[in-house]
Chemist: 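Got a structure for you, written out below as structure tokens; questions coming shortly.
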There are 2 protein chains.
Amino acid sequence: MPKTSGKREKLVDSAGKLFHQVGFNQTSLADIAEDSGVPLGNVHYYFKTKAELILEVLNHRSERLKSWYEELNELPSPKERLVAMIDDTLTLRHKLAKYGCPVGSLCQELDKEREPISKKADGLIKMQLKWISEQFVELGKKNAEELSLQLIASLHGTAVVGNALKSPKIIEEELGRLKSWVKAM
Amino acid sequence: MPKTSGKREKLVDSAGKLFHQVGFNQTSLADIAEDSGVPLGNVHYYFKTKAELILEVLNHRSERLKSWYEELNELPSPKERLVAMIDDTLTLRHKLAKYGCPVGSLCQELDKEREPISKKADGLIKMQLKWISEQFVELGKKNAEELSLQLIASLHGTAVVGNALKSPKIIEEELGRLKSWVKAM
DNA sequence: GTCTATATGTTGATAGAC
DNA sequence: GTCTATCAACATATAGAC
């Protein structure tokens with residue numbers, strides 16, 4: 001455990017940001033060092049390899065996803081939770097259009113990397129599927145699995161298309177449609 | 001124009017295959033040279049830079065997409081065309097689960113590259129949106145744009161999720177659902 | 001714990017013989 | 001047109017002074 005510096009956190013934050021914005025392979029350790037204000041040589045004190053760093057970034061993302069779902073779970077009804085999830089996503093539409101989905105784009109890129117990196121990335125999508133599925137189960141849907149697959153696929157696809165076309169508007173439209181779909185259930 | 005060798009085509013084929021399977025950034029010119037049987041140094045006779053090579057790969061993909069749509073357009077009704085499009089995609093489910101969508105994954109990765117590469121990649125998704133939209137227009141739908149966005153987002157999202165979870169079955173299920181959706185229109 | 005300097009390997013790209 | 005040999009730049013990773 002470090003005493004106070006917080007350099008480890010800064011490195012993870014910068015890495016997460018840059019991996020999302022310019023991709024894992026196109027982000028060098030030098031870039032991360034510069035962005036976080038940590039000298040290049042010092043990076044290896046905290047993370048022996050680049051693989052260790054991306055694993056930590058994925059852990060952080062996993063934690064944040066978990067916290068988010070815990071927050072959403074405070075809402076009384078599953079329908080409200082799903083709507084709130086979509087609304088929160090809507091807030092990010094400009095970043096999504098600019099850089100793509102922080103989960104989906106990393107999954108695609110890291111899918112080609114060796115274990116355990118790709119496994120960890122895939123786990124994020126499994127978490128998403130699981131939480132959404134739970135909401136549909138609580139809504140009394142027999143085909144909760146299928147519905148959650150449908151919803152998460154639409155969400156990820158919207159990010160892909162919105163990002164390709166650099167259009168927050170497209171994301172807004174599609175999320176609006178999905179919200180109506182959930183509300184009408 | 002080359003006389004007979006066909007090495008240029010071999011290079012483009014290998015590049016397209018490897019870019020899809022392991023990604024653009026993770027594929028070196030040496031990899032492409034080896035896969036195509038063309039000596040490394042000779043690659044630069046055909047393509048001055050790696051950027052030129054990816055542009056040619058994107059051109060090929062664009063041509064293939066165009067040919068595909070021309071074939072589909074032979075079918076009498078727009079509904080049949082859409083169903084055939086989904087059925088053709090279904091055929092590729094194992095490759096999609098293994099490597100992701102050849103269009104979507106490249107778009108995501110090349111999005112961060114400099115012009116004109118990213119533009120060319122985005123153009124592929126625009127082609128898809130355009131063709132699907134035309135089918136819905138011909139089906140008499142007033143909200144053809146919205147429907148085509150919905151369909152293409154579902155398709156790309158299915159590829160992302162199916163690839164992340166390495167599941168051709170998921171792709172099969174979701175494409176089956178989309179097919180029913182189109183048929184019921 | 002922090003940093004400078006550097007080792008080591010790989011990449012995209014070139015030069016020039018054939 | 002084809003290929004061998006090689007350059008220069010950049011990457012990750014390490015060694016070791018402070």
Chemist: With no hydrogens and no angle check, just 3.5 Å: does a side-chain donor-acceptor pair link N25(B) and E109(B)?
Modeler: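 The criterion, which ignores hydrogens and geometry beyond distance, is satisfied for E109(B) and N25(B).
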
Chemist: Give the rounded distance in Å between these two atoms: CG of L11(B) and C1' of dC3(D).
Modeler: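 Atom-to-atom, L11(B) to dC3(D), this comes out as 13 Å.
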
Chemist: Sequence neighbours left out, what pairs pass ring pair (Phe, Tyr, Trp, His ring centres under 6.0 Å) with at least one residue falling in residues 107-135 of chain B?
Modeler: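 Sorted pair list: Y69(B)-W131(B).
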
Chemist: Does anything in residues 5-43 of chain B pair up under ring pair (Phe, Tyr, Trp, His ring centres under 6.0 Å), and if so which pairs, sequence neighbours excluded?
Modeler: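 Listed once each, the pairs are F19(B)-F24(B), H20(B)-Y99(B).
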
Chemist: What is the distance, rounded to the nearest whole Å, between atom CD1 of I54(A) and atom P of dA11(D)?
Modeler: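 After rounding, the gap between these two atoms is 17 Å.
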
Chemist: If a pair satisfies salt bridge (Lys or Arg N to Asp or Glu O under 4.0 Å) and one of its residues is in residues 16-38 of chain A, list it, with sequence neighbours excluded.
Modeler: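 The answer is K17(A)-D35(A).
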
Chemist: Between dT2(D) and Y45(B), is there an OP1 or OP2 to side-chain N/O distance shorter than 4.0 Å?
Modeler: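 So the side-chain polar atoms of Y45(B) never come under 4.0 Å of the phosphate oxygens OP1 or OP2 of dT2(D).
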
Chemist: Dump every N/O contact between nucleotides 11-18 of chain C and the protein below 3.5 Å, one line per pair.
Modeler:
from, atom 1, to, atom 2, distance (Å)
dG12(C), OP1, K50(B), NZ, 2.9
dG12(C), OP2, L29(B), N, 2.9
dA13(C), OP2, K50(B), N, 2.8

Chemist: Rounding to a whole Å, what distance do you find between Y46(A):OH and dG1(C):P?
Modeler: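 It is 7 Å, rounded to the nearest whole Å.
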
Chemist: Could you tabulate the donor-acceptor pairs under 3.5 Å formed by side-chain atoms of residues 115-127 of chain A, not counting sequence neighbours?
Modeler:
from, atom 1, to, atom 2, distance (Å)
K120(A), NZ, N59(A), OD1, 2.9

Chemist: Rounded to the nearest Å, what distance is computed from the CG atom of residue L53(A) to the P atom of nucleotide dA11(D)?
Modeler: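 My rounded result for the distance is 15 Å.
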
Chemist: Just how far, in rounded Å, is P of dA11(D) from CG of L18(A)?
Modeler: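 About 13 Å, once rounded to whole Å.
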
Chemist: With F47(A), which residues qualify under ring pair (Phe, Tyr, Trp, His ring centres under 6.0 Å), at least two apart?
Modeler: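 F47(A): no ring pair (Phe, Tyr, Trp, His ring centres under 6.0 Å) contacts found.
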
